[in-house]
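The next block holds one structure in the form of structure tokens; read it before the comments.
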2 protein chains.
Amino acid sequence: MTLGQTFDVLASEDAGAKKTYTISELAAEFGITPRTIRFYEDEGLISPARAGTTRIYSRQDRGRLILICRGKRLGFSLAEIKEFLDLYHTDPDQVGQMSFALDRARNRIAQLEAQLLDVQKTLAELREIESAMAAHLARHGAVPRGN
Amino acid sequence: MTLGQTFDVLASEDAGAKKTYTISELAAEFGITPRTIRFYEDEGLISPARAGTTRIYSRQDRGRLILICRGKRLGFSLAEIKEFLDLYHTDPDQVGQMSFALDRARNRIAQLEAQLLDVQKTLAELREIESAMAAHLARHGAVPRGN
DNA sequence: ATTAACGTTTACGTAAACGTAAAGTAAGGC
DNA sequence: GCCTTACTTTACGTTTACGTAAACGTTAAT
């Protein structure tokens with residue numbers, strides 16, 4: 001049993017939840033193409049089961065895809081996302097491996113905390129711009145009612 | 001006078017601040033290469049003055065670079081960053097242009113608010129992993145003192 | 001006067017992340 | 001039995017964001 005099984009995203013046991021998914025189902029759900037999902041597999045980010053040659057995705061696989069897509073939205077490279085995913089199934093018996101993983105986790109945390117500040121700064125600036133523009137348009141634009 | 005001049009990043013008037021910069025000064029400051037800065041210029045994200053053929057960067061140019069680098073850290077493409085930068089100098093006299101800009105600003109705000117949530121989720125998960133790993137290592141790893 | 005350290009343009013090369021055929025297999029409906 | 005649909009692999013093409021020379025001009029020091 002790895003660390004992964006102890007967390008939500010990779011192990012939700014919902015009653016009405018489907019057990020498996022096809023590649024095109026997942027592609028549709030996440031707004032990506034089957035090609036993209038296969039590419040992620042080539043890059044080692046996901047390893048679905050097979051029925052013959054056809055890929056069968058489990059709920060855990062779907063959880064990984066959620067994390068992958070989120071990582072992409074945050075601007076991480078696939079290599080970084082892979083590293084992130086690996087944190088979920090670090091073998092607890094390999095102390096050295098676990099130490100390295102802990103290090104990487106802490107680095108990633110620091111990185112995300114910096115990104116959090118960046119997002120907040122940018123949001124603050126954009127909101128300033130937004131209200132300035134809205135105010136300007138309220139005065140000079142829009143022509144609220146024939147004046 | 002454009003909206004840009006009304007905001008901090010593009011118009012700080014510090015007393016001890018340098019007035020101009022060379023390309024390699026800025027490259028060093030932001031941890032990028034001159035090639036990269038010239039590429040940003042090719043893409044229309046920045047337009048420094050010239051002394052003959054040599055580029056001379058103003059404090060405003062440096063401000064734009066700050067925003068560009070932050071945008072990159074947030075995972076935006078150069079095209080998106082350009083769109084973002086354009087928000088700063090929307091002509092207040094062009095009502096139509098201003099309306100479109102306001103729209104883009106609001107879209108960008110929504111996008112960043114979503115990203116903020118993503119970052120927070122990811123941070124929460126990573127912190128869970130981190131403490132789980134730290135606890136595990138405290139018990140089985142590290143061998144605190146010969147026991 | 002030449003060498004070094006900066007700047008320039010032009011242009012080909014490259015890694016990442018897919019897109020886009022092409023060509024084949026396997027299951028289900030009429 | 002054939003057609004459609006969804007899956008597969010293989011492989012070349014494309015966009016983005018630069019890296020990396022090559023070849024040249026300008027200033028400053030030796």
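Just so we're on the same page: letters track the sequence lines, and every chain starts at 1.
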(message) With a 3.5 Å distance limit and no angle check, can you tell me whether B/Arg64 reaches the backbone of B/Leu45 through a side-chain donor-acceptor pair?
(response) yes
Contacts of B/Thr54 and A/Thr36 projected onto DNA chain C by closest heavy atom; the upstream (5') one is B/Thr54
When rounded to whole Å, the CZ to C1' distance for the pair A/Phe76 and C/dC18 reads 20 Å
Span of DNA chain D engaged by chain B, first through last nucleotide within the 4.0 Å heavy-atom cut-off, is D/dA17 to D/dT20
Side chain to side chain, A/Ser99 and B/Leu137, heavy atoms closer than 4.5 Å: yes
Requested in this report: Look at the side-chain heavy atoms of Ile, Leu, Val, Met, Phe, Trp and Tyr, link any pair under 4.5 Å apart, and say whether A/Ile56 and A/Tyr40 land in one connected group.
Outcome: no
From the list B/Asp86, B/Asp91, B/Leu102, side chain to side chain contact (heavy atoms under 4.5 Å, CB included) with B/Gln97 holds only for B/Asp91
_A/Arg62 NZ/CZ over A/Phe30 ring centroid, <6.0 Å and within 45° of normal_ = no
May I ask you to say whether B/Arg108 pairs ionically with A/Glu125, meaning some side-chain N is under 4.0 Å from a carboxylate O? no
- Message: We want to know whether B/Tyr57 and B/Glu25 form a side-chain donor-acceptor pair, criterion being a heavy-atom distance below 3.5 angstrom.
- Response: no
Atom CG of A/Asp42 and atom P of C/dG19 are separated, to the nearest Å, by 13 Å
Identify whether the distance between the nearest side-chain nitrogen and carboxylate oxygen of B/Glu41 and B/Arg55 falls below 4.0 Å.
yes
Within residues 23-34 of chain B, those residues having any heavy atom closer than 4.0 Å to DNA chain D are B/Thr33
